[in-house]
Asker: 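Structure provided below as structure tokens; questions to follow.
Small disclaimer: the values here were computed from a predicted structure and weren't measured. The basis for the numbers below is simple: all heavy atoms, side chains too, and nothing from hydrogens, waters or symmetry mates. A, B, ... follow the sequence lines: proteins, then strands. Residue 1 opens every chain.
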Amino acid sequence: MLKDLTRISSLKDNIDKTVTIGGWVYHSRPSGKLIFIVVRDGSGLCQCVIEKGKISDDLFEQLKKLGTESSLTITGTVKKDDRSVGGYELVVTDAKVICESVDYPITPKSHGIDFLLKNRHLHLRSQRQWCIGKVRHTLVNAIRQFFNDNGFTLIDTPIFTGIAGEEAGSLFNVDYFGMPACLTQTGQLHLECAALSFGRVYCFGPTFRAEKSKTRRHLTEFWMVEPEVAFVDLPGILEIAENFVSFIVKEVLEKNEPELKTLGADIESLKKITPPFYRLTYTQASEILKSQKTQDFLAAQLNEFKAQKEQIEKKISELENEAKGQIKQWRQDKIAAELIDLRSDLAEIETKIENNPKHAKLASEFEWGKDLGGSDETIISLMHDKPVFVTHYPREAKAFYMKQDPENPKVVQNFDMLAPAGFGEVIGGSIREDSYDKLLAKINEQGYKVENYQWYLDLRKYGSVPHGGFGLGVERTLAWLTGEKHIRQCIAFPRMMDKILI
RNA sequence: UCCCCGAUAGCUCAAUUGGUAGAGCGGGCGGCUGUUAACCGCCAGGUCGUAGGUUCGAGCCCUACUCGGGGAGCCA
């Protein structure tokens, strides 16, 4: 049976032919002697038109009452029709219900995020999650393709590890047969070993951080790709990063434009993502933050928010007045629904208005030496239409393995890549400290146990070379590309702080 | 860990300022041959998160707790 099924995505090659598709009821609109059932089969959506008389009355009655997400096979003639979702529809001649679905909990109307997460096993079938999954698939392939095509060798780094790459406070500890171990936070340290064997390597896998972060940009388990390159300097690694990011954006644009449109992604701004990206040093970035330009920028933004707020409030009061008048019940209901949407928009804009002066204050009081805060990153990122590399952060604020800048010992040769339009950090990377003595001193300075890092130090003892790399978070990149507000929607089964739902 | 907001029908939300709980969607029944989150009529559906308190009277006020959302710090 399965081999005889046609996938919805290939209906365009079967116009006027009779085919059978297998799928689930996405939407059903019975209308007397005519039923429209939109079927999804994982490859797309297809509207099936069922006319009474063309099939048996019993089947007609069964299809008429079929609930959302019932599974079936359905046979009919493929017609091109612009009125139909996807552009093609099936004029049905036969159907077979496989499993009737009754009281499917997710309805076409809006739902709260808590409800949807608790129903994640079903929510994955929704159009939005499906689109994100398709884009993620392209993204992951593009990531692999870029490195594979540019002389990188894939190295699978371990998930159980003994030493930390980042802050020890964010480690998940596990009991490894009675011995202490932890889940990997980065494959970088292991990858450096491999880079000195293969020259150019990358790893791609899940990463775990026990940060107590409850924000739209954090997960405790996320996927990260990390390239590591021998014989490279900071300008060199930046060039790789911008070519890499430009490539994956181009691939997604080429292969997933319909999905991006459905998701409401800003396709025009993604088309601008081509090398070169902007480059700022941390010191330049901090000067921008403290400048009048930034204050003006934020003030302009505040005015815009206030104008938006006024517009929303005006609309709300208009609708409220209309609702007081003598109008039909259905109009009352429509107004109520619009009011709910508008009030939620209003709350969002009010939060922005409230945060704006705080962000302005934080920016104006920015002190050299601190790490860039979330709002600082957002400001820098909003002021640019392409990704921005921020380089040369203060040494104290950064990880022990980053190479001290020979020209300014207070900073390291690192970089963050901020995605444009306020999205913020997507990549973090650096040139690694390749001097044995400097690395040893830094390990001691941090209070780490040298014996744990002996193998890592060995890399600086036997044929050390300048090398570096970066890590790109898959979910954050996906959120940026798709315009999704929260990265928990960018992985099928998100793991969030204190919460594993299924 | 800190700050703010919330919890009312299966779901999303109302309840005119403390006076007997409403609507849409979803479900059930009926109608409709071109629907697009279809539409029209009828029906069922509630111990207002939990525990106290104030009051003649609490969904609404107060206290504590639980759960959730947003933001901060930190990060990819």
Asker: Would you say the base of G34(B) stacks on Phe36(A) (centre-to-centre below 5.5 Å, plane angle below 30°)?
Answerer: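 So Phe36(A) does not count as stacking on the base.
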
Asker: Of Thr391(A), Leu372(A), Asn414(A), which is the lone residue that meets side-chain contact (heavy atoms from CB on, under 4.5 Å) with Tyr282(A)?
Answerer: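 Running side-chain contact (heavy atoms from CB on, under 4.5 Å) over Thr391(A), Leu372(A), Asn414(A) with Tyr282(A) returns exactly one hit, Leu372(A).
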
Asker: Could you work out which one of U36(B), A76(B), G26(B) sits closest to the side chain of Thr107(A)?
Answerer: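 The closest nucleotide is G26(B).
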
Asker: Side chains of Thr75(A) and Val92(A): closer than 4.5 Å at any heavy-atom pair?
Answerer: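 When only atoms from C-beta onward are counted, Val92(A) and Thr75(A) do not touch, as no gap falls below 4.5 Å.
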
Asker: With respect to the side chain of Gln47(A), which nucleotide from U35(B), U33(B), A76(B) is positioned closest?
Answerer: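 Among U35(B), U33(B), A76(B), the one nearest the side chain of Gln47(A) is U35(B).
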
Asker: Please figure out whether Thr215(A) or Glu425(A) has its closest RNA chain B nucleotide nearer the 5' end.
Answerer: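 The residue closer to the strand's 5' end, by nearest nucleotide, is Thr215(A).
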
Asker: Tell me if the side-chain of Glu89(A) makes a donor-acceptor pair with the base of G34(B), cut-off 3.5 Å, by modelled atom types.
Answerer: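 Flag set: donor-acceptor pair detected.
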
Asker: RNA chain B: Gly373(A) or Arg488(A), which has the more 5' nearest nucleotide?
Answerer: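 By nearest-heavy-atom nucleotide position, the 5'-most residue is Arg488(A).
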
Asker: Can a donor-acceptor pair under 3.5 Å be found between the side-chain atoms of His218(A) and the base atoms of C75(B)?
Answerer: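 When only heavy-atom distances are counted, His218(A) does reach the base of C75(B) through a donor-acceptor pair under 3.5 Å.
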
Asker: Under 4.0 Å, counting only non-hydrogen atoms across every strand here, what does Leu219(A) touch: a base, just sugar-phosphate, or nothing?
Answerer: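 Touches a base.
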
Asker: Tabulate protein N/O versus nucleotide N/O from nucleotides 1-4 of chain B, keeping only pairs under 3.5 Å, one per line.
Answerer:
none

Asker: Using a heavy-atom cut-off of under 4.0 Å over every strand shown, decide if Glu475(A) touches base, sugar-phosphate, or nothing.
Answerer: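 Nothing: the residue Glu475(A), judged by heavy atoms under 4.0 Å, touches no strand.
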
Asker: What integer number of Å spans the C1' atoms of U16(B) and C56(B)?
Answerer: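 Going atom to atom, C1' in each nucleotide, I get 23 Å.
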
Asker: Out of Arg200(A), Arg432(A), Gln188(A), His190(A), which residue meets the side-chain hydrogen bond (donor to acceptor under 3.5 Å, both in side chains) rule with Glu228(A)?
Answerer: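 Exactly one pass, corresponding to Arg432(A).
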
Asker: Starting the side chain at C-beta, find the nucleotide from C75(B), G71(B), U36(B) nearest to Arg216(A).
Answerer: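 The answer is G71(B), which lies nearest to the side chain.
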
